[in-house]
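Counting starts at 1 for both ligands and their atoms, following the listed order.
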Amino acid sequence: MPDSNVIELHPSAAPLIRRLDYRPPAWRLPRIELSFELEPEHTRVEAQLWLEPDPAQPGAALVLDGEGLELIELELDGRRLSADDYRYTDGKLHLPGVSSACRLRSVVLIRPLLNTALEGLYVSGELLLTQCEAEGFRRITFCVDRPDVLSVYTVELRADAQAYPVLLANGNPASSCELPDGRHAARWHDPHPKPSYLFAIAAGVMDRVSTHFTTAEGREVEVNVWADAGMAARCEYALGATLRAMRWDEQRFGRCYDLDVFNIVAAQDFTMGAMENKGLNIFNARYILADIDSATDADFEAVESVIGHEYFHNWSGNRVTVRDWFQLSLKEGFTVFRDQEFTSDLRSRAVKRIEDVRMLRGRQFPEDAGALAHPVRPDSYREINNFYTATIYEKGAEVVRMLHTLLGEASFRRGCDLYFERFDGTAASVDAFLDCMREASGHDLIQFERWYAQSGTPVVTIESQYDASQRRFSLHFKQSTAPTPDQADKQALHIPLRYALYGADDQPIEPAPLTEHAARPGLIELRADQQSVRFENIKTPPLVSFLQGLSAPVRIDYRYTPAELARLAWIERDPLCRWDALQQLALPALLDGSEIHATALSNALGSLLADRTADPSFVALCWQLPEFEVLVDARPRVDVDAVLDARRSLLRQLAQTHARLLTTRYTELAQFDPDSLEPAPSAARRLKNLCLQRLALIEPHGARAFAQFERAGTLTDRLGALAALIHASAPQTNAALAVFKARIGTDLLLNDKWIGLLATRPAAEALDDVVALLDTPHWQPRNPNRVRALLGSFARSNPAALHRRDGAGYALLFSQVPIIDALNPQVASRLLGALETWRRLDADRQAMIEAGLHALRARGLSRDCGEMLERLLA
Ligand code: BES
Ligand code: ZN
């Protein structure tokens, strides 16, 4: 459709940026020198840009990005410009008449203290920090703020020596000196050309832990983890994790670190989790600070994984960066795949895969089935910050995982090597990545590319047939993807589908299928809408199992009897499929009230819990029923109250049926080295706390949980017991909460956990606690971690409170979003994301949500929320 025929419903909305409109930059910027006079109220930024026109685009105007900058002076090749020489409007600085290579010097003032959006340069406690991805650098100085313009940076920081003793920037330290008036200066030089979004500085009073790492290439690297004064002891774990990440990337991907120093800074105010700025990663403090009193076992694992993720970006993102933001998954999906592999290699691969699949099904499948569906490589956006999504990250990682499955480790690794080598120091695209994978492996990936272009989760419907006279077993596959709001027509995808057949003796049968579709034994490549495979010489009807390790991000529709699922849960060799068989038993039990499924599930869980040879972490994961989002995702319509009731009563029923076993295992596991942070004791703790939480549902006096709470030597055990008490509404709950509160004092991260516990209590009344907290000093709407702890956890993890029948949950969300939006649009916009599946709810709830969304839209919020509302209402 030609543009002129498109009727813009909301003409005030931000312009739509389209992938196919990409043009290479008209101006290059090979070198940048920056000098900062750091002050929280006013920071003076002097920039020198060495600009060069692209010879292929002669005459292209010179237009720079700049958001909210107070322009003090501009100089072109040493000549001071007057107001007639330029125009600065709507975030663009136009410099008409400039047509050849030049040096532009600018001086601007910015105001870090007023920066609540936490993009650009801002104040966090005693620190001055930056966050530039995706388009924050333009809030610091005039520049070409796009990822395909790479520059070599030299940065000078000047500040009061007492208030800002530590001065950090990207790259290597070059020099430092004392200045008059108690100020000092530090110069940094980053030899690796980088896009502006990887720029960073950090200044202030910080303590550090420090060590050395020798790379496989023989480079000596100083590694530092910095945090607020007094927090150094809590950085030790992060420092160790950094070394593990550096070593792992050398061993598994052959990638070495490339500077003399690697700095990581922990910040209490940070919108996202962490950021991979070159040589100077900046982290949300919750992914750095961790010791036995402040972090749970899950927190330690998360710290290690996020440290790994940001470190791995040094190659997948920094050395090879992205051409435009449509290619975001090229760095994020790939790097999530890399961090998943890191955790799998260091910890339990089975447990990690189940956790990742839970996340995929709980967050990404609903996103792909709801109002916000978009491809891994989107076609358009209005606000790029809205596209740091589960689809870009989690589905993007699954797509890379499928390549790994199709190519095998050796070819995949050759493809990665080729990609890093060919595109080192440049900005690449998804297509370029796929080309490397194709060249290195000889695999045809033309159809595979659709995984990047097409949104929605495919369904693979499977039918099986056993012909006893011919001893022949056949499988018939049909694939289809339902239309999504962003894309009506869908095409067949290239799906690597693992499978296994089991014989009457419960042993795997390893037959070669009689079709050309089989890549390797146990792997079928689906490409067409319909496909079949045949297996000969099969003596009895086999039990067939699909998608080992979740070999593709698809849904399988295959009619298993409850007995078959229970058998699979026991005999399947693949842990992900064992876990999934139990999930598949739980769905009809919860959604259709199927007693047969509930009984089969209960029996299977009983046997599993009794099995002392099974990994306790795995058992604990199997005992977790599908979360609310997964239940919503399983049916086109959801009766919220019925689903929550069913889940509550099945949990209770399982606890009752297995009370004795739960008690025995609780007691056994409690004796197992309870205060050690090693893998085996932490796996034991996971199952022990699961047992405790289930038992608490049928022991409402809560004595067992209270005893554990008082004895606990780890935060995992203390919080586990507290959660058990709260979820069971046990009489000692308030006493325990008071003890916990007194113990944690003013520690911010621990207070967030306390807030999170209250906000996720599975009861409609939890909403009243959330509302009450808004009137206490705990409520700090400027701090993203506080907003997430209170409103984020309520909106995303407390369906009973969010979907309250009286609409009070929605009302709270709708009243808070504009307040947060005025401070930090990214955080506000993410809160709205909690409503992505609202059209599956009943008519009353839909009506309340629709009215609320319309009212918000009428208020004219930020570009972030504006785009979100438009898509939610479309
Ligand atoms: N590059 C991102 C951080 C980011 C996200 C910057 C959005 C600007 C906007 C970083 O590498 C990242 O992906 N962080 C994740 C955590 C990670 C472990 C998945 C995050 O912040 O949530
Ligand atoms: Zn990332």
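Taking every heavy atom of M275 and a limit of under 4.0 angstrom, the matching atoms of ligand 1 come to 1 (N), 3 (C), 6 (C). Interface atoms of ligand 1 facing Q131, defined by a heavy-atom separation under 4.0 Å, are 6 (C), 8 (C). Atoms of ligand 1 lying under 4.0 Å from at least one heavy atom of K331, given by number and element, are 1 (N). Of all atoms in ligand 1, listed by their number and element, those nearer than 4.0 Å to a heavy atom of E276 are 1 (N), 2 (C), 10 (C), 11 (O).
Residues R19 and D324 are not paired through a salt bridge, judged by the lack of any N-O separation under 4.0 Å between the basic side chain and the carboxylate. Taking the charged nitrogens against the carboxylate oxygens, R382 and D864 have no contact shorter than 4.0 Å, which rules out a salt bridge.
By the 3.5 Å distance cut-off applied to N or O atoms, H313 is counted among the residues near ligand 1. For G273, a nitrogen or oxygen atom sits less than 3.5 Å from a nitrogen or oxygen atom of ligand 1, counting backbone and side chain alike. Distances between N or O atoms of D339 and those of ligand 1 include no value under 3.5 Å. Checking only distances, A274 does come within under 3.5 Å of ligand 1, N or O to N or O. In terms of N/O distances under 3.5 Å, ligand 1 is not approached by N385.
Contacts with ligand 1 closer than 4.0 Å are made by heavy atoms of both the backbone and the side chain of E133. No part of S305 comes within 4.0 Å of ligand 1, judged by heavy-atom distances. Residue-level proximity to ligand 1 for M272 is carried by backbone and side chain together, each with a heavy atom below 4.0 angstrom.
Side-chain contact of S862 with D821: a donor-acceptor pair under 3.5 Å is present, judged by distance alone. A side-chain N or O of N785 and one of N284 form a donor-acceptor pair less than 3.5 Å apart. A donor and an acceptor atom, one from each side chain of D368 and Q364, are located under 3.5 Å apart. The closest side-chain donor-acceptor pair between T391 and E367 falls under 3.5 angstrom.
When rounded to 10 degrees, the angle formed at the Zn ion (ligand 2) by NE2 (H309) and OE2 (E332) equals 160°.
The single protein non-hydrogen atom nearest to atom 11 (O) of ligand 1 is E310 OE1, 2.7 Å, given as residue, atom name and distance. Taking atom 19 (C) of ligand 1 as the reference point, the nearest protein heavy-atom neighbour is Y393 CE2, 3.7 Å. The closest protein non-hydrogen atom to atom 7 (C) of ligand 1 is Y388 CD2, 3.1 Å.
For F342 and F312, the ring centers are positioned less than 6.0 Å apart.
Taking the ring centre of F420 as origin, the terminal cationic atom of R319 falls outside the region bounded by 6.0 Å and 45° from the ring axis. Annotation: cation-pi pair R782/F270 absent, no NZ/CZ under 6.0 Å from the ring centroid and within 45° of its normal.
When all heavy atoms of L198 and G317 are compared, the closest pair comes out as CD1-O, 4.2 Å.
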